[in-house]
**Student:** 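Mind having a look at this structure? Questions to follow.
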2 protein chains.
Amino acid sequence: MGGVLDKAGITEAALRLIEKKGYDGLTMAALARSLNVAPSALYNHVKSKRDVLLLVEDHLASLVDVSAFGAGPWEDAVRTWAWSYRDVFSQHTPLIPVIAVLPVTDAPQTLAMYETVSAGFRDAGFPEERIVSSIVALESFIFGSAYDVTAPADIFDPGTMAEATPSFTGAVRSLAEQGHERPADVAFSLGLEALISGLGGLRG
Amino acid sequence: MGGVLDKAGITEAALRLIEKKGYDGLTMAALARSLNVAPSALYNHVKSKRDVLLLVEDHLASLVDVSAFGAGPWEDAVRTWAWSYRDVFSQHTPLIPVIAVLPVTDAPQTLAMYETVSAGFRDAGFPEERIVSSIVALESFIFGSAYDVTAPADIFDPGTMAEATPSFTGAVRSLAEQGHERPADVAFSLGLEALISGLGGLRG
DNA sequence: CCACTAAATGAATGCCATTCATTTATAAGA
DNA sequence: TCTTATAAATGAATGGCATTCATTTAGTGG
């Protein structure tokens with residue numbers, strides 16, 4: 001037995017490749033080349049490219065910081081988790097469509113994250129039947145916000161349509177004048193605090 | 001001049017094709033065939049396939065219901081807009097990565113939507129410099145939630161890992177016992193109401 | 001030493017977006 | 001009516017991609 005390849009090695013190589021060349025550079029051929037192997041050899045270890053993305057996703061889930069659950073107030077734990085979750089996946093937005101439809105059975109690290117977060121919600125007094133929905137709501141916000149981080153700075157520039165859209169143009173200009181370094185962070189903070197206080201009210 | 005093709009026709013054909021075959025079926029070849037034209041002919045009217053997706057996106061933006069802005073309380077208007085926005089794009093999740101990075105200049109209908117929504121926020125008493133961030137926060141939540149709608153029903157089934165994840169497994173089971181028809185709607189409602197009441201507090 | 005099996009190979013397949021030199025057709029100007 | 005400019009459509013290439021498969025290689029247990 002004992003070939004050169006295994007799932008851990010493939011995951012590691014894929015992450016290196018993504019870091020160096022981005023998701024466009026992550027092809028089965030390039031992945032194989034980085035492992036000094038023929039592309040077809042990969043298929044002895046993964047069923048498809050989607051499988052590779054799944055391995056990467058699950059590894060990233062293990063990087064999300066859930067350490068604050070059980071180590072302080074629920075609000076602080078959610079805040080730490082959410083910011084960390086967003087930061088990790090803002091560098092990996094092409095995975096978001098994959099995660100969103102991914103059965104957790106296939107992703108043990110992701111499942112482990114859910115377990116820690118669920119326990120944190122339960123201990124904070126959430127009724128059991130609302131825990132999953134609350135996490136899903138937060139996660140949806142986090143995924144959507146991860147895209148914002150990568151958006152171009154001038155995404156909201158109305159260009160030639162400025163006169164036709166006075167309210168929007170004024171709002172964009174007014175935000176720009178605040179001179180925030182990362183506008184995406186302002187929106188994320190605003191939404192996250194709203195969700196934390198709104199969902200926090202569900203606790204018994 | 002006057003060929004068979006124009007942007008409106010391409011958009012319409014693309015939408016028909018997506019409805020019938022899904023986004024996997026939307027290829028330049030298939031699009032051309034549905035218009036009785038050679039694939040290369042499309043490139044006289046659009047620069048790339050991404051352009052086609054952009055045309056589709058902008059058309060969908062015109063389907064989002066913004067009519068409640070200026071016709072009732074801000075909370076109700078946001079609710080109507082958000083549900084409609086999510087419903088439209090839940091059928092078109094492959095566009096979400098495109099929208100998220102799309103400069104609004106290139107999408108007049110999308111820009112028109114932002115104008116109406118911005119005016120609604122301003123009239124409701126939002127400070128101008130918080131309007132864009134608030135809309136972005138809501139939009140992030142909406143995009144993330146659009147994915148949930150299409151997720152398989154058993155996405156949270158922990159499978160063989162059930163014993164290792166008691167809190168999460170209990171929470172999933174407890175939600176399932178509620179027997180909601182569309183679990184995604186519960187999470188969306190929960191998050192949206194939290195955002196509405198949290199963001200609403202910014203009004204002067 | 002043999003037989004089994006996991007793993008790697010390299011050549012093919014089929015699909016895809018995109019390009020380009022060329023042709024067709026239409027509208028405007030003389 | 002003839003000419004010319006131009007927009008639009010064509011068909012044949014190109015290069016990249018994931019994936020398949022028959023075949024070979026190389027270890028391991030009996």
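Quick note on labels: first sequence line is chain A, next is B, and so on, each numbered from 1. This one's a predicted model, so the numbers in the text were calculated from it and none came from an experiment.
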**Student:** On a plain distance test, is the side chain of N44(A) in donor-acceptor contact with the base of dA8(C) below 3.5 Å?
**Tutor:**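 A donor-acceptor contact between them is present.
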
**Student:** Nearest to the side chain of A38(A) - dC20(C), dG10(C), dA9(D)?
**Tutor:**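 Out of dC20(C), dG10(C), dA9(D), the nucleotide with an atom closest to A38(A)'s side chain is dG10(C).
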
**Student:** Nearest to the side chain of M28(B), heavy atoms from C-beta on, is which of dT18(C), dT9(C), dT10(D)?
**Tutor:**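 Of the options given, the side chain of M28(B) lies nearest dT18(C).
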
**Student:** Using whole Å, report how far CZ of R33(B) lies from C1' of dA9(D).
**Tutor:**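 Distance, rounded to whole Å: 17 Å.
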
**Student:** For dA6(C), does either OP1 or OP2 sit under 4.0 Å from a side-chain N or O belonging to H45(A)?
**Tutor:**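 Answer is no, no contact under 4.0 Å.
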
**Student:** Can you tell me the distance, in whole Å, between the CG atom of D24(B) and the C1' atom of dC17(D)?
**Tutor:**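 Those two atoms, CG and C1', are 15 Å apart.
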
**Student:** Round to the nearest Å and state the distance from L42(A) atom CG to dC21(D) atom C1'.
**Tutor:**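 From L42(A) CG to dC21(D) C1': 16 Å.
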
**Student:** Are the charged groups of R86(B) and D185(B) less than 4.0 angstrom apart, N to O?
**Tutor:**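 Looking at D185(B) together with R86(B), the answer is yes, because their closest N to O distance falls below 4.0 Å.
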
**Student:** Could you tell me the separation between the OH atom of Y43(B) and the P atom of dA8(D), rounded to a whole number of Å?
**Tutor:**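 Taking OH of Y43(B) and P of dA8(D), I get 17 Å after rounding.
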
**Student:** Is the shortest distance from a Lys or Arg side-chain nitrogen in R203(A) or E128(A) to a carboxylate oxygen in the other one below 4.0 Å?
**Tutor:**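 Here R203(A) does not pair with E128(A) in a salt bridge, since their nearest N and O are not under 4.0 Å apart.
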
**Student:** Is T27(A) touching bases, backbone alone, or none of the nucleic acid, heavy atoms closer than 4.0 Å?
**Tutor:**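 Sugar-phosphate contact only.
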
**Student:** Fit a plane to each ring of F143(B) and F89(B), take the angle between them on a 0 to 90° scale, and name the class: parallel (under 30°), tilted (30 to 60°) or perpendicular (over 60°).
**Tutor:**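 Taking F89(B) first and then F143(B), their aromatic rings stand perpendicular (interplane angle over 60°).
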
**Student:** The side chain of A41(A) lies closest to which of these nucleotides: dA9(D), dT18(C), dT9(C)?
**Tutor:**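 Given the options dA9(D), dT18(C), dT9(C), the side chain of A41(A) is closest to dT9(C).
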
**Student:** Given atom OH of Y23(B) and atom P of dC15(C), what is their separation to the nearest angstrom?
**Tutor:**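 About 23 Å, once rounded to whole Å.
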
**Student:** Atom CG of L35(B) and atom P of dA9(D): how far apart are they, to the nearest Å?
**Tutor:**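 Rounding to the nearest Å, CG of L35(B) and P of dA9(D) are 10 Å apart.
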
**Student:** Nearest whole Å is fine: how far is dT18(C) C1' from D51(B) CG?
**Tutor:**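 For the pair D51(B) CG and dT18(C) C1', the rounded distance is 13 Å.
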
**Student:** Can you check the N36(B) CG to dA9(D) P distance for me, whole Å?
**Tutor:**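 Rounded to the whole Å, the gap is 12 Å.
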
**Student:** When you get a sec, tell me which of dC20(C), dT18(C), dA8(C) is the closest nucleotide to the side chain of S48(B)?
**Tutor:**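 Nearest listed nucleotide: dT18(C).
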
**Student:** Hey, what's the ring geometry for F141(B) with F188(B), parallel, tilted or perpendicular (30° and 60° as the breaks)?
**Tutor:**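 The rings of F141(B) and F188(B) lie parallel, inter-plane angle below 30°.
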
**Student:** Where does the angle between the aromatic ring planes of Y85(B) and W81(B) fall among parallel (under 30°), tilted (30 to 60°) and perpendicular (over 60°)?
**Tutor:**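 Ring orientation of Y85(B) relative to W81(B): tilted.
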
